[in-house]
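These values consider heavy atoms only, across backbone and side chains, with no hydrogens, waters or symmetry-generated copies.
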Amino acid sequence: MTDWTQGYVSANGLEVFYRRTGAGSGKPPLLLLHGYVDSGQCWTAVARTLEDTFDLIMPDARGHGRTRGPINDMLLDILAADAAAVIQALGLGKVFLFGHSMGGMTALAVAANHPGLIHAAVLEDPPFMLPNPYIVTEEMAAQFRADVRDTLALHDLPLADRIARCRAEQPHWPDEEVLPWAESKGEFDPEILQQRTRFRAYPWRDALSRVSCPLLLITADVVEGALIIPELADEAAQRCPTCEVAHIAGAGHSIHRDRSVEMLRRVRSFFGRLMPA
């Protein structure tokens with residue numbers, strides 16, 4: 001990690017903070033897009049595994065981490081425009097994308113809206129939700145309010161308490177995942193908490209139908225907390241002929257933390273078949 005760089009890049013009205021493993025290395029660029037209330041730092045363990053092959057760029061999304069600028073509407077099309085602007089501002093050319101949760105939806109939106117910028121994308125358990133168009137029931141609204149209160153309370157805890165909570169709730173996570181997770185939960189702008197339903201309202205079916213590049217949708221076990229049910233994974237493959245699906249057993253929503261070896265083996269295989277000559 002000693003050769004990694006970090007800094008800010010002006011992109012789409014933001015000062016986007018990013019970490020990078022291989023600037024000037026000539027390796028294919030791979031943009032890693034993190035999940036909701038995570039940060040680019042949460043990709044550290046993944047990046048250490050993949051840096052031998054890729055130049056990895058880990059930006060903090062709008063309203064997250066150290067990125068500075070307006071929140072505006074946290075719409076997926078805006079987050080995709082942010083990612084596209086980072087790719088262009090850093091002069092990366094065509095990139096590979098790998099996104100988790102919110103980042104997976106962002107990667108999908110980049111593939112649909114900015115096809116000339118990417119070779120292929122991996123979507124890790126993005127929130128493809130039913131029904132779509134999204135309808136919020138009173139029960140769902142109550143759960144949303146409870147989630148906001150819990151996330152805000154986590155944000156306001158001292159770092160040591162956030163670390164302890166992560167270790168208690170995710171005892172199987174590797175140690176190197178704990179500190180980035182805990183730090184990210186104190187860095188996000190609380191204003192984003194009221195906009196979470198905007199991710200779930202994204203018209204993912206339409207987006208999938210507009211994607212022409214190769215996609216890998218990685219799913220896990222719903223009983224462990226994963227979001228995508230098998231029926232939606234099947235539908236995604238039907239709507240997007242270039243989409244293949246891989247299921248990682250024994251993992252929940254954070255597949256790259258729960259089953260890192262199995263997942264990254266699959267990611268390497270997928271991207272390896274598509275590396276530019």
Side-chain angles (χ1 to χ4, degrees), residues 1 3-44 46-47 50-51 53-123 126 180 184 187-189 191-192 195 198-199 202 207 210-213 215 271 274-276:
M1 190 173 172
D3 294 332
W4 292 15
T5 57
Q6 61 183 37
Y8 286 90
V9 61
S10 298
N12 204 30
L14 302 171
E15 290 300 309
V16 176
F17 183 79
Y18 69 98
R19 298 166 177 85
R20 187 170 183 179
T21 67
S25 66
K27 297 174 183 176
L30 170 54
L31 198 70
L32 299 175
L33 303 176
H34 64 77
Y36 180 69
V37 300
D38 276 358
S39 73
Q41 185 183 6
C42 293
W43 286 113
T44 299
V46 168
L50 298 179
E51 67 175 319
T53 304
F54 296 97
D55 171 16
L56 297 125
I57 302 94
M58 297 159 274
D60 292 347
R62 181 183 295 258
H64 293 71
R66 303 183 197 176
T67 287
R68 303 188 294 242
I71 302 300
N72 295 336
D73 290 330
M74 294 286 290
L75 297 172
L76 265 301
D77 287 335
I78 292 176
L79 296 178
D82 294 343
V86 168
I87 293 168
Q88 294 169 321
L90 292 176
L92 301 177
K94 261 187 150 177
V95 305
F96 293 98
L97 288 181
F98 181 178
H100 169 234
S101 191
M102 178 189 80
M105 292 292 269
T106 303
L108 171 61
V110 174
N113 298 350
H114 308 277
L117 294 180
I118 68 171
H119 293 295
V122 171
L123 316 180
S184 71
E187 291 178 331
F188 67 84
D189 189 326
E191 287 187 29
I192 70 173
Q195 303 195 41
R198 294 177 180 270
F199 311 141
Y202 183 66
R210 292 187 286 115
V211 170
S212 57
C213 74
L215 290 184
F271 283 146
L274 302 166
M275 297 282 271

Quiz item: Are a donor atom and an acceptor atom from the side chains of Glu15 and Ser10 found within less than 3.5 Å of each other?
Solution: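 Distance-only check passes for Glu15 and Ser10.
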Can you confirm whether [X] sits close enough to [Y] that some side-chain heavy atom of one is under 4.5 Å from a side-chain heavy atom of the other?
X	Y	value
Asp82	Leu14	yes
Met275	Phe54	yes
Asp38	Met102	no
Leu76	Thr106	yes
Trp43	His100	yes

Of the non-hydrogen atoms in [X] and [Y], which two are nearest, and what is the gap between them?
X	Y	value
Ser101	Gly35	CB-CA, 4.2 Å
Gly13	Pro70	O-CD, 3.7 Å
Ala107	Leu33	N-CD1, 3.9 Å
Ala47	Met58	CB-SD, 3.8 Å
Ala111	Cys213	CB-SG, 4.1 Å
Ala112	Arg210	O-NH1, 3.2 Å

Practice prompt. Could you check Gln88 against Leu117 for side chain to side chain contact (heavy atoms under 4.5 Å, CB included), going step by step and ending with a plain yes or no?
Written response: CA-CA 8 Å; Gln88 294 169 321; Leu117 294 180; 4.1 Å; yes
Glu191 meets the side chain to side chain contact (heavy atoms under 4.5 Å, CB included) criterion, sequence neighbours left out, with Ile71, Asp189
Suppose we screen for side chain to side chain contact (heavy atoms under 4.5 Å, CB included). Which residues come up paired with Ala85, at least two apart in sequence or across chains?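 If we apply the side chain to side chain contact (heavy atoms under 4.5 Å, CB included) test to Ala85, skipping adjacent residues, the hits are Ala11, Asn12.
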Derivation of the side chain to side chain contact (heavy atoms under 4.5 Å, CB included) call for Thr44 and Trp4 = CA-CA 11 Å; Thr44 299; Trp4 292 15; 4.2 Å; yes
Only one of Val86, Asp60, Val9 passes side-chain contact (heavy atoms from CB on, under 4.5 Å) with Thr67, and that residue is Asp60
Where the side chain of [X] meets the backbone of [Y], is there a donor-acceptor pair that is under 3.5 Å apart?
X	Y	value
Thr21	Leu56	yes
His119	Val95	no
His34	Gln41	no

| field | Listed once per pair and sorted, the salt bridge (charged side-chain N to carboxylate O under 4.0 Å, His left out) pairs that draw on residues 109-123, sequence neighbours left out | value |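 Every pair satisfying salt bridge (charged side-chain N to carboxylate O under 4.0 Å, His left out) with a residue in residues 109-123: there are none.
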How long is the span from the [atom1] atom in [X] to the [atom2] atom in [Y], to the nearest 0.5 Å?
X	Y	atom1	atom2	value
Ser212	Ile118	OG	CD1	8.0 Å
Asn113	Ile78	CG	CD1	11.5 Å
Tyr18	Leu31	OH	CG	11.5 Å
Leu30	Glu51	CG	CD	12.0 Å

Is there a ring-ring contact (aromatic ring centres under 6.0 Å, His included) between Phe271 and Phe98 once you walk through the steps?
CA-CA 10 Å; Phe271 283 146; Phe98 181 178; 7.0 Å; no
> Which of these passes side-chain hydrogen bond (donor to acceptor under 3.5 Å, both in side chains) with Arg20: Asp55, Thr5, Asp3?
Replying inline: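 Single side-chain hydrogen bond (donor to acceptor under 3.5 Å, both in side chains) partner of Arg20 among Asp55, Thr5, Asp3: Asp55.
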